[in-house]
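Data block below; observations after.
Letters A, B, ... mirror the listed sequences (proteins, then strands); counts begin at 1.
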Protein chains: 2
Amino acid sequence: MSTPTTGQRQYAKTPGQRARILDAAMAVFARRGERGASLREIAERVGMSQAGVLHHFGSKNALLLAVLDRFDQEDQPGHPLLTIDESVAFVREELVQGLQRPGLFQLQITLAAESIDPAHPAHDFFVDRYRRVTSQFVEPLDAAAASGGLRDDVDTTALAHLVMGAMEGLQLHHALNPEVDTVASFDLLLDVLAEAFIVSSTPDQV
Amino acid sequence: MSTPTTGQRQYAKTPGQRARILDAAMAVFARRGERGASLREIAERVGMSQAGVLHHFGSKNALLLAVLDRFDQEDQPGHPLLTIDESVAFVREELVQGLQRPGLFQLQITLAAESIDPAHPAHDFFVDRYRRVTSQFVEPLDAAAASGGLRDDVDTTALAHLVMGAMEGLQLHHALNPEVDTVASFDLLLDVLAEAFIVSSTPDQV
DNA sequence: GTCTATATTAAGATAGAC
DNA sequence: GTCTATCTTAATATAGAC
């Protein structure tokens with residue numbers, strides 16, 4: 001029963017090829033944006049024709065959605081972020097990783113900025129994504145505030161937006177000027193915030 | 001001599017029309033990016049044909065450069081920024097203005113992100129721009145550090161990048177989610193930084 | 001599955017009338 | 001100065017052979 005002869009013939013669309021196309025699409029979208037990227041450039045990277053790429057994904061739009069889907073997974077924390085320490089460690093690690101895999105952040109920034117346009121095919125995705133990521137960050141902050149780990153007069157929402165905004169803005173600057181040390185600036189922010197807002201039994205703890 | 005009859009006839013290319021086209025181009029580039037914008041959409045806004053627009057600027061690329069030129073001017077401080085207070089007040093005011101003129105910041109973010117691609121026509125402009133804006137910020141910080149207004153163990157470059165990065169990242173988030181209060185988050189940052197690094201004779205001063 | 005060939009659409013740019 | 005008409009190019013997508 002491994003290859004049914006009845007019913008519609010299921011073309012495997014070999015997962016291997018799909019993955020290779022996704023890799024290439026991710027890189028090209030990251031460099032050129034969705035609007036600047038062409039199926040031909042993606043196809044060229046994979047070593048096939050433009051029609052070959054479309055055979056696997058049907059349309060450029062579907063390919064974009066598949067890329068966003070995978071991006072979302074790669075970007076997900078392995079476990080739920082319950083404490084501030086975990087959240088901070090997670091985003092900081094993302095920043096460090098980003099230095100070695102510039103493609104991931106570049107994809108994020110390039111597509112997110114393009115997506116400001118409500119007519120952009122990834123608009124809804126990014127609107128939703130930022131909502132999710134924000135709450136993922138606000139929740140540990142609120143929990144900490146409730147349990148006394150954080151000064152209780154802090155606007156946790158403003159704080160979460162600040163940290164996320166700084167992270168992304170720094171990445172944008174870094175992409176345009178590699179001299180920008182994203183991690184140094186981000187650590188500066190984390191240190192200052194910790195000093196100002198974290199109520200800690202043992203001092204000097206981030 | 002107001003209209004010389006000798007020599008090459010100088011078509012005025014009425015400054016009024018040029019300005020109207022620039023306005024429209026700025027708005028459309030801000031919404032769609034350079035790659036997503038079309039001369040036709042710009043022309044439609046002005047109420048003329050695509051060929052009419054090209055008559056005034058020659059090419060889409062030239063139009064883009066004209067837009068960047070004007071953007072740079074509108075964004076320039078009226079006077080040199082000598083102290084930290086002046087610099088901070090200036091960028092904060094920009095942020096506040098940005099809420100009422102979303103087009104300006106949207107232009108900045110959208111084109112800057114597109115420009116990460118070295119092949120983008122505005123790449124050099126933004127690389128240069130970030131260099132300039134950064135030094136405009138680092139200089140007052142260094143001056144303050146030298147004169148004792150700032151703790152002298154601060155990495156002023158990292159600090160400048162942090163402030164600029166936060167500003168832009170917050171704008172990006174705001175563009176995708178209007179609930180993001182850019183000014184609130186930015187003020188949070190400024191307060192915390194001032195508290196941590198500014199050596200002030202009178203306390204509580206930003 | 002992958003190719004070549006082609007249909008279709010949309011873009012920037014040019015030519016020439018008015 | 002502005003228009004219409006057209007050239008040229010490049011893109012997505014489809015059809016059909018292998």
Legend entry - B:Gln50, CD: over 12 other non-hydrogen atoms inside 6.0 angstrom: yes
Inset, instruction - Check the distance between C:dA11's C1' and B:Glu34's CD and give it to me in whole angstrom. - result: 12 Å
Legend entry - Length of the CZ-P vector between A:Arg18 and C:dT2, whole Å: 13 Å
Legend entry - Qualifying side-chain hydrogen bond (donor to acceptor under 3.5 Å, both in side chains) pairs, either residue in residues 57-70 of chain A, two or more places apart: A:Asp23-A:Arg70, A:Arg70-A:Glu74
Legend entry - Non-hydrogen side-chain atoms of A:Phe57 and A:Arg18 separated by less than 4.5 Å: yes
Inset, instruction - Might you confirm whether atom CZ of B:Arg31 has over 12 heavy atoms from other residues, nucleotides or ligands at distances under 6.0 Å? - result: no
Inset, instruction - Check A:Val183 against A:Arg92 and note the closest heavy-atom contact, atom names and distance. - result: CG1-NH2, 3.5 Å
Inset, instruction - Just report the end-to-end axis angle for the helix from C:dG1-D:dC18 to C:dC18-D:dG1, five pairs per end, to 10 degrees. - result: 0°
Inset, instruction - Flag the pair A:Pro121 / A:Glu34 as yes when at least one side-chain heavy-atom distance between them is below 4.5 Å, and no otherwise. - result: yes
Inset, instruction - Take atom NZ of B:Lys60 and atom P of C:dG12, then tell me their distance rounded to the nearest Å. - result: 4 Å
Inset, instruction - Mark yes when over 12 heavy atoms from residues, nucleotides or ligands other than A:Arg32 sit less than 6.0 Å from its CZ; otherwise mark no. - result: yes
Inset, instruction - For B:Phe57 and D:dG1, give me the distance from atom CZ to atom P, rounded to whole Å. - result: 13 Å
Legend entry - Separation of D:dA11 C1' from A:Asn61 CG (nearest whole Å): 14 Å
Legend entry - DNA chain D-proximal residues of residues 37-50 of chain A, any heavy atom under 4.0 Å: A:Ala37, A:Ser38, A:Leu39, A:Arg40, A:Gln50
Inset, instruction - Specify the separation, in whole Å, of atom CG of B:Leu64 and atom P of C:dG12. - result: 12 Å
Inset, instruction - Ignoring the backbone of B:His55, work out which of C:dG1, D:dT2, D:dA13 is nearest its side chain. - result: D:dT2
Inset, instruction - Flag the pair B:Tyr130 / A:Leu172 as yes when at least one side-chain heavy-atom distance between them is below 4.5 Å, and no otherwise. - result: yes
Inset, instruction - Look at the side chain of A:Ala51 and decide which nucleotide, out of D:dT12, C:dA5, C:dT2, has an atom nearest to it. - result: C:dA5
Legend entry - Interatomic distance where NE2 belongs to B:His56 and C1' belongs to D:dC3 [whole Å]: 12 Å
Inset, instruction - Verify the neighbour count for atom CD of B:Glu44: are there more than 12 heavy atoms of other residues, nucleotides or ligands below 6.0 Å? - result: no
Legend entry - Interatomic distance, B:Ile21 CD1 vs D:dG1 P [rounded to whole Å]: 11 Å
